[in-house]
Amino acid sequence: AQTVTQSQPEMSVQEAETVTLSCTYDTSENNYYLFWYKQPPSRQMILVIRQEAYKQQNATENRFSVNFQKAAKSFSLKISDSQLGDTAMYFCAFRVGIQGAQKLVFGQGTRLTINP
Amino acid sequence: DVKVTQSSRYLVKRTGEKVFLECVQDMDHENMFWYRQDPGLGLRLIYFSYDVKMKEKGDIPEGYSVSREKKERFSLILESASTNQTSMYLCASSPFSGGGHMGTDTQYFGPGTRLTVL
């Protein structure tokens, strides 16, 4: 069975700092996808960034980037120049395969607070 | 923009009641999902559906059933609510991912329904 582990239940940084959220996963599959989702307080969950396992290049989306270490089964999220609006729950998620109904396995979540 | 709506933001029910949670998406997505979110456990998949009238069990289907009579609507049913079903329930949808197109695999989430069973 695939599992996803986020070892940091809560994190807190000052505005404009860089913060890294950790995620590890376990799978015997070779073809899979990894995601970071963000859930702001009282707002809907949205996709932050995705990574295909067959791509060696780390994905980036503006201030968000990942450090994907396939051999170590690690997928961390780095937020640069953090902003107050980055305060949210962050979930790492994993999906096997390409086709099908796209079942996601989620980690436990990390509550990130950006302080002014 | 994709819109996923859920019938209620907050719901309070009594033990033993039959509870219906409704989810509607407006983007003609084939796939729909129901999750429950609990502190320290993240999101866990209850049921999902990849087509009208089709359903598959997720990781924690016990005590729940689902219905998908129309493509845009996916209902979660608690046949006899219990206190351990107090939770946040999230619905999501996504388009069909055949052909391996990464751009089609994003799940779009609704705002959630916080259900309290007394």
Side-chain angles (χ1 to χ4, degrees), chain A residues 1-10 21-25 30-55 57 59 61 66 68 88-111, chain B residues 1-6 9-10 23 25 29-51 54-61 68 74 88-114:
Chain A
Q2 287 82 23
T3 59
V4 178
T5 302
Q6 294 177 249
S7 58
Q8 305 150 311
E10 294 188 23
L21 280 58
S22 301
C23 174
T24 59
Y25 58 94
N30 193 50
N31 185 22
Y32 53 88
Y33 303 91
L34 294 158
F35 307 85
W36 279 98
Y37 278 86
K38 169 185 177 181
Q39 186 181 41
S42 301
R43 293 179 62 188
Q44 290 171 242
M45 184 111 61
I46 57 172
L47 178 69
V48 176
I49 200 166
R50 67 165 68 86
Q51 174 81 41
E52 298 100 322
Y54 64 88
K55 288 188 177 179
Q57 187 174 6
E61 286 288 341
V66 300
F68 174 48
M89 281 290 291
Y90 287 81
F91 293 96
C92 178
F94 167 95
R95 181 198 147 206
V96 175
I98 297 176
Q99 298 187 16
Q102 308 163 2
K103 288 175 58 177
L104 291 177
V105 177
F106 284 85
Q108 302 90 333
T110 295
R111 184 176 303 279
Chain B
D1 280 351
V2 175
K3 198 162 190 178
V4 180
T5 57
Q6 295 183 228
R9 289 300 302 269
Y10 300 93
C23 175
Q25 51 93 2
H29 285 171
E30 284 75 14
N31 304 317
M32 296 189 75
F33 308 82
W34 274 107
Y35 297 91
R36 66 176 281 174
Q37 180 181 358
D38 300 289
L41 297 177
L43 278 71
R44 293 178 292 166
L45 182 64
I46 304 171
Y47 268 95
F48 66 100
S49 168
Y50 52 88
D51 201 353
M54 304 302 289
K55 61 184 178 184
E56 286 198 24
K57 293 180 180 178
D59 300 317
I60 51 165
R68 193 165 180 202
F74 192 36
M88 170 71 86
Y89 290 87
L90 296 177
C91 175
S93 73
S94 68
F96 176 62
S97 65
H101 299 140
M102 271 299 297
T104 63
D105 68 344
T106 299
Q107 289 192 16
Y108 296 87
F109 285 82
T113 295
R114 186 166 295 282

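We name chains A, B, ... by the order of the sequence lines, and we start the count at 1 in each one.
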Against chain A, label R44(B) side chain, backbone, both or neither, depending on which of its atoms sit under 4.5 Å from a heavy atom there.
neither
Excluding sequence neighbours, so at least two apart, what forms side-chain hydrogen bond (donor to acceptor under 3.5 Å, both in side chains) with Q37(B)?
Q39(A)
Where do Y35(B) and L104(A) land on the side chain to side chain contact (heavy atoms under 4.5 Å, CB included) test, with the steps shown first?
CA-CA 10 Å; Y35(B) 297 91; L104(A) 291 177; 3.8 Å; yes
Could you tell me which non-hydrogen atom of Q44(A) sits nearest to which non-hydrogen atom of V4(B), and how far apart they are?
NE2-O, 3.8 Å
Above 12 or not: heavy atoms from other molecules or residues under 6.0 Å from CZ of R9(B)?
yes
Separation between OH of Y33(A) and OG1 of T106(B), rounded to the nearest 0.5 Å
12.0 Å
Please classify the contact between L41(B) and chain A as side chain, backbone, both or neither, with a heavy-atom cut-off of under 4.5 Å.
backbone
Taking the side chain as every heavy atom from C-beta outward, state whether F35(A) and Q107(B) have any atom pair closer than 4.5 Å.
no
